[in-house]
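Before any comments, here is the structure.
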Amino acid sequence: MEERSGPGVGPDDALATAWRDARCGELSELWLDRRVRLAGWVHRVRDLGGVLFIDLRDRAGRVQLAFGSDWCATETLAQARELGSEDVIQVEGEVLRRPPEALNPDLPTGGVEVHVDRLNVISRSAPLPILVAGLTEDTLPSEELRLRHRVLDLRRPEMIHNFEVRHAAVAAAREALSEEGFIEVETPLLTRRTPEGARDYLVPSRVNPGEFYALPQSPQLYKQLLMVAGYDRYFQLARCLRDEDLRADRQPEFTQIDVEMAFVDVDDVLGVCERMLKRMWSRAAGVELEVPFPRLSYGEALERYGTDKPDLRIPWKLVDLTGLLSGIGFGIFDRTVEEGGRVRGFVARGGAALSRGAIATLDELAREVGAKGAMWLKARAEGWSGPLAKYVGGEVGGALHSEHGMEEGDLLLMVAGPDPETGRALDALRREAAARLGALEEGAHRWLWVVDFPLFQADAGSGTPIAAHHPFTMPVEAEPERIRESPLEIIANAYDVVYNGVELASGSIRCHDPEIQRAILEVLGFTRKEAEDRFGFLLEAFRYGAPPHGGYALGLDRTVAMMVGAPSIRDVIAFPKTTAARGLMEGTPSHVEPDDLAGLHIQLCEDD
RNA sequence: GGGGCUGUAGCUCAGUUUGGUUAGAGUGCCGGUCUGUCACACCGGAGGUCGCGGGUUCGAGUCCCGUCAGCCCCGCCA
C-alpha cells in the first residue's frame, strides 16, 4: 500500500505498526468514523454480488470488511472478488457502525465494520489441505493431518486460545515466583545421565569420540547444586526429555516449572506452590483456587481411593468389607481372605441403574488392570440382586445399609485380593462408574496434596527397594540405621499436587545429610563407585556446606491442558510428536548420511 | 514388547455385517446469478490407487494374510 491516508495512530496505538493500526479482533467502537489500516488472513468471503463481505482474521480475532461500489473503486471490488481463504491482505478504510439489522452479537467486533477503499494483496494462499475457518468439533481433520499441516492447525482460533492461556499461565508463574524472591536460572541441556528412571536421549560428542551427553530428564541435580551454591530460591521453565513411549499426556519433550528453595521445610514449599498455582489459575483460567489445598497421606489415599492420585470430584470412598463379607459362604471372598487379601469396595450411588452389560464392562476393566474381576450387588426395590444376593440377607444387608450407607437404587462394587490389586481395580471402577452415572461433580476444581509418600517401594518384579520419588529425597525419620534395616517402612518428605485425579506437580525435601544419603544409596544398591561415577559431582558439592532444601516441579503441559479442557497435551504444545515420536510436519527423526555419522564416530549396525 | 480402534473425493463421513451394474453425502475447490451477509443463498461443474502389498474368487472398498500410518490403553515413564 502506498502512502498512509488515514490518521497516523488510532485509539489503541500500542499495537500499531508499519503495516497496521490495530488488530482485527480488537477493533472497538473507539474507532468509529476513523480511518484504519488492518492486515490479516481472509477468514471467509461472502460475495453477495453488489456487496461483498470478508471476515479478516488475526491472532486477536476477526472483523468484518465490507466492499461495495458506493465506496470502492471498480478495480478494488474486482480484486476483492478474487480473494480466497487464508490470503494475507492489507486494507484501509473507514470504520462504521453497522446497520441495526446487520449487527452480529456473536462477534466482539460485531457492532462495526470497515468500509474498505484500498486493498493490498500481500500473499495468496494455495488451496488448503485442511480448513482453518468453519471447522466444528465434528469436522475437525484427523490428528494426523493436523500435525502434518500444523501451521494451518495452529491458526485456528481454538489453538490460538490454548497458547494464549499457556502464555498467561507461564507469565503468572514467573510473576508469582519472582515476587517471592525466586530467580530464573538456566541449566544445561547437554548433561550427563542421572539416576532417574526413564531412558535418556543421547547426543554424541564430536570432539570426544565415543562419549555422549544425555539430554536432561529434569534439571533435578542442577537445581540442587544451585541451592548448595547459595542461590536460595530458583526456578526455571525447564524443557525435559525422556525417551519413553508416548501417551495422550506424555510427550518425549515437555515443560515443567521447576522450583527449588533453601532453608525450608515441607510447609514452606507447599505454600509457594499453592500461591503460584493460585496466581496461574486466576490469570490464565479465571478460576480462584482456595488455598491451602487439603492434604491426604499416601496411605490414606490408597485406603480410601485405591490410588495416590484420587479424583475428589467423585464422592464415593472405598471401604473394607473383609469382615462383613467373608465367612458368609461366598467362596471367592473366603479364599481371598485365607490368602491374606482383603475384600474392598464402594457404594456407587444410583448404580443399580447400570445394565448387566455395563457391569460386565466394569468387570472387564477390573481384569484389565490386573484384578481377578469385580463383584457387584444391587439394592433394588424388590431386593438384592447380583452374584452375592443370596448371601447378604438380613444382618449383612442391614450392615451395608447402616455402616456403609447403601440405599435402594445403589450398586456395591467389590474387588477381592491383595491391596495393590484391589486398589488399582477399584480406582478404575470408581472412575468408570462415576463417568457412566454422571457422578462427577460438574465444573469442580478439586485440589489436594498427597503427602507422606514412602521413601522406597518394592520393585514389582524383584521385590528390591527402588526410590519412590528419587534417590535424593529426605526421609521423615532420619536415622541411617533404620533406613538400612527396614527401608520399606520409611516415610519420605515427598508430596504431589493432584487436580481432579491428575498429578500435576511433585516434589520433596532433599537429602542434604551425607550419612543419610549414603544409607539411601546403599539400600538402592549403588556401590560407592557407581554413585561416585553417576553423580559424584552432587555428593562432592554436598561436602562443602549444603543447606536444607527442597522444591517441586509442575507439569506445565498437563496444567494448561486442564485449563483449556484439552483431551491431549498435544493441543497445548505447538509442535508435538506422534505416538511413534515422529514430527510429521518437519519429518523427525530423519536419516543421517554415513559421512556425518563418521564425523561423530558412529557407525550403524546392520538392521535386524 | 502387547492389546484395541481407525484408514473410502482436498477435508469430515456413509457404504464393508450378507462380495455383484456407474462407490455416495456434506463441506471445500472451479464457473455462474445475486446490494446486508456473517455456516450467505441459489444454479452448474470438476474431483476416487477405497492406506500399501499379496491371496481367495468368474468378480473384492467388502473375505483372508502381511505391512505402513494415526489415535487410545497396558508395560514403561522417580
Side-chain angles (χ1 to χ4, degrees), chain A residues 43-56 62-72 77 81 84-86 96 98-107 109-110 113 115 125-149 152-153 194-200 217-218 220 240-252 254 308 364-365 367-370 424 428 453-457 459-461 466-473 492 494 496 503 506-508 524 553 555 567-568 570 577-580 582 584:
Chain A
H43 189 70
R44 225 187 254 281
V45 181
R46 290 179 296 278
D47 184 352
L48 274 62
V51 65
L52 177 142
F53 299 103
I54 286 177
D55 290 332
L56 191 65
R62 44 189 222 256
V63 68
Q64 176 162 282
L65 309 178
F67 295 77
S69 49
D70 293 354
W71 60 91
C72 278
L77 201 52
R81 201 146 273 148
S85 292
E86 301 306 311
L96 293 174
R98 292 194 189 187
E101 70 280 6
L103 299 174
N104 185 349
D106 298 332
L107 210 60
T109 62
E113 64 187 8
H115 281 219
S125 167
L128 298 170
I130 61 173
L131 301 185
V132 176
L135 291 172
T136 65
E137 215 169 299
D138 287 343
T139 60
L140 198 64
S142 70
E143 184 133 23
E144 186 174 357
L145 287 164
R146 290 179 52 203
L147 291 173
R148 201 175 291 283
H149 305 288
L152 293 174
D153 190 48
T194 53
E196 288 153 328
R199 271 185 287 267
D200 295 300
Q217 297 180 27
S218 84
Q220 182 60 38
C240 303
L241 299 108
R242 296 176 189 177
D243 187 6
E244 294 292 345
D245 287 355
L246 290 81
R247 289 281 194 285
D249 62 352
R250 264 158 41 189
Q251 282 276 305
F254 60 97
D308 59 4
E364 184 59 34
L365 182 66
R367 290 168 198 276
E368 267 171 35
V369 298
R424 260 200 314 277
F453 278 78
L455 189 59
F456 303 100
Q457 284 172 331
D459 179 75
I466 53 174
H469 184 65
H470 64 58
F472 309 111
T473 302
D496 279 1
E503 179 195 321
S506 180
S508 65
L524 290 172
S568 156
R570 290 186 299 271
K577 302 284 189 284
T578 66
T579 49
R582 288 193 170 277
L584 294 182

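None of these values were measured; they are calculated from a predicted model. Order of the sequence lines sets the chain letters (A, B, ...), proteins ahead of strands, with each chain counted from 1.
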Short side-chain N/O contact from [X] to OP1 or OP2 of [N], under 4.0 Å:
X        : N     : value
A/Arg247 : B/C74 : yes
A/Arg46  : B/C40 : yes
A/Arg81  : B/G32 : no
A/Arg98  : B/U37 : no
A/Arg242 : B/A78 : yes

Checklist outcome for this item: Comparing A/Gln64 with A/Ala580, nearest RNA chain B nucleotide closer to 5' gives the residue A/Gln64
Checklist entry - Which residue lies toward the 5' end of RNA chain B, A/Asp138 or A/Ser568, if each is placed at its nearest nucleotide? => result A/Asp138
Within the 4.0 Å heavy-atom criterion, would you say [X] contacts the bases, only the backbone, or no part of the nucleic acid?
X        : answer
A/Leu107 : nothing
A/Leu140 : sugar-phosphate
A/Leu145 : sugar-phosphate
A/Glu113 : base

Counting only side-chain heavy atoms from C-beta out, which of [options] sits nearest to [X]?
X        : options             : value
A/Arg44  : B/A39, B/G75, B/C77 : B/A39
A/Leu131 : B/C40, B/A78, B/G28 : B/G28
A/Leu147 : B/C38, B/C71, B/C40 : B/C71
A/Arg250 : B/C77, B/C40, B/A78 : B/C77
A/Thr578 : B/C76, B/G70, B/G36 : B/G70
A/Ser142 : B/U12, B/C77, B/C71 : B/U12
A/Pro99  : B/G36, B/A39, B/C11 : B/G36
A/Leu48  : B/G70, B/C11, B/G36 : B/G36
A/Arg570 : B/C29, B/G1, B/C71  : B/C71

Item to check | No-H, no-angle donor-acceptor pair, A/Asp55 side chain to B/C38 base, under 3.5 Å | outcome: no
Checklist entry - Quick one: A/Ile130 CD1 to B/U12 P, roughly how many Å, whole number? => result 9 Å
Item to check | Distance, rounded to the nearest Å, where A/Arg146 contributes CZ and B/G10 contributes C1' | outcome: 17 Å
Next on the checklist: Say we look at B/C34 and B/U18: how far apart would their C1' atoms be, to the nearest angstrom?
Outcome noted: 50 Å
